[in-house]
> 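Would you mind keeping the following structure in view while I ask a few things?
Residue numbers start at 1 and run along the sequence shown. All ligand and atom numbering here is 1-based and tracks the order in the structure.
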Amino acid sequence: MSRSAIRVRAAVERMRPYNPPLEGRTDKLRLDFNENPIGCSPAVRRALARLSAASISAYPEQETVRRKAARHFGVRPDELLLTNGTDEALSLIVNTFVEPGDTVLLVEPTYAMYRFYSELAGARIAAPRYDDEMCFTWNNVLAELRKDPRVFFLPNPNSPTGNLLSRPELQRLLNAATRTMVVIDEAYFEFSGVTVIPWIRRHKNLIATRTFSKTCGLAGLRLGCIFTNRELAGTMRKAQSPYPVNAAALAAAEAAMADRAFIARTVREVKQSRVAFAAGMAKLGVRCFPSAGNFVLAYFGERAKRIVAALAHKGILVRDRSSDFGGEGYVRVTLGTVAQTRRLLRELKAIL
Ligand SMILES: Cc1ncc(COP(=O)(O)O)c(C=O)c1O
C-alpha cells in the first residue's frame, strides 16, 4: 500500500495534543489531579485481594454491581450505566448524540475531555468563558443555548474554577435548553451536595454523571456512572461495548459503596482542609477562588511556574493551569487530609 493511501480523519489531524504530566507520580504527594490523596477504603484492597482466578479469567459480569449501584444512588437499575471512568461516559455521550459539524457547548476553562471527545467526533465547539472572578457568564451561555447546541457539558462544581451552580440555577439552564442534551458532570458531588439525579425522569434531555475516582479513591481502576431516563439509557447501551468495566473495578465498587464511613471521613477531611487552606493562603497573601470541590484554584501571578517547580522538588505535585487562562499564574491544588494541607502550606511559606 502506498503511504498516500493511509488517511487520518480530518478531525484527528486538527486536534491539538493533550499532554498533561501523567507519569512518575506515585511516590509523591499528588495534589495535581483531584484524586483522593487519602487513598481508598481498606475494604477495597481486601475485595481486590479476594478476586478469584475464575473472576479474573472470565469476561466481567456487571449486573449485580449495577443493581447495588442503583440502590446506592437512589435510581432504578435501568436508569444507570456503568462506564470505564467518567471519560468513557463522555465519549459514549458524544458517540450517541453528536454528528460531525454539530455544536457542543462548554463553559471554559473546564475539564479538558469534553472538548477532546467533541473535537474527535468532528463537532464545532461553542465555548463562552467564566469571567475574571470565575463567575458563570449567564448572558453568554443563555445566548448560546438559544442556538440549540446538540450537547451542553457542565461540571458542577466546575474544575478548575471550583464554582457551583445552585439547584434553581440548574433549573434555569434546563428551562432554557429545550433542544439540547444537558450533561451535568457531578464528579465532585460529595463535596458540594448539589445533584440533579432526582430530576432525570422529569427532564428527558438530562444526563448526570458520577465517578468513583474522587471520594472513593478508585481513579486507578476507572469506574464512572451515567444516570438518565430509561429510554435514553437503553439507547446509550446500544452504543457501548459489552465489557466496558473490568472485574477489579466491579469488585472494588461494591466494597467502596459499602464503606460509607470512608466516604464520610474523606468528605470531612477535605472540607476541613478547604478551610485550613483558605486561611493559610490568606495569611500568605495569595488569592484563592471559592471552591465547592476537593481542590482550590489559586493565583500566584508571575511566581507560579517557580512555585510549582519548587513544590515538585519537595515531592508535592500541584497543577499549573495557566494555559487554561491565557496568562501566567493560575495553579490548582487538590485537597486531602488536614495534615497534607498543612505540609503544603509550610512548604509554600518557605518558598514564598
Ligand atoms: C469534572 C471532571 N469530570 C470527570 C473527571 C474524570 O473522572 P474519571 O476519573 O471518572 O474519568 C475529572 C477528573 O479530574 C473531572 O475534573
> Below 4.5 Å, heavy atoms only, C-beta onward: do Glu186 and Thr209 meet side chain to side chain?
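Counting from C-beta outward, Glu186 and Thr209 never come under 4.5 Å.
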
> Looking only at the side chains, is there a donor atom on one of Asn140 and Glu144 sitting less than 3.5 Å from an acceptor on the other?
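Their side chains do not contain a donor-acceptor pair, so the 3.5 Å distance test is not met.
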
> Going by distance alone, is a donor N or O of one side chain under 3.5 Å from an acceptor N or O of the other, for Asn34 and Thr334?
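Result is yes, a qualifying pair exists.
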
> Are Arg210 and Phe73 in a cation-pi setup, meaning NZ or CZ lies under 6.0 angstrom from the ring centre and within 45 degrees of the ring axis?
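Verdict for Phe73: no cation-pi partner in Arg210.
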
> Sort out the contact shell of ligand 1: every protein residue with a heavy-atom distance below 4.0 Å, listed by chain and number.
Gly85, Thr86, Asp87, Tyr111, Tyr114, Pro155, Ser159, Asp185, Ala187, Tyr188, Thr211, Ser213, Lys214, Arg222

> For a quick check under 3.5 Å, do Tyr111 and Asp87 share a side-chain donor-acceptor pair by atom type?
yes

> Is it the case that more than 12 heavy atoms not belonging to Glu63 sit under 6.0 Å from its CD atom?
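Yes, enclosed.
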
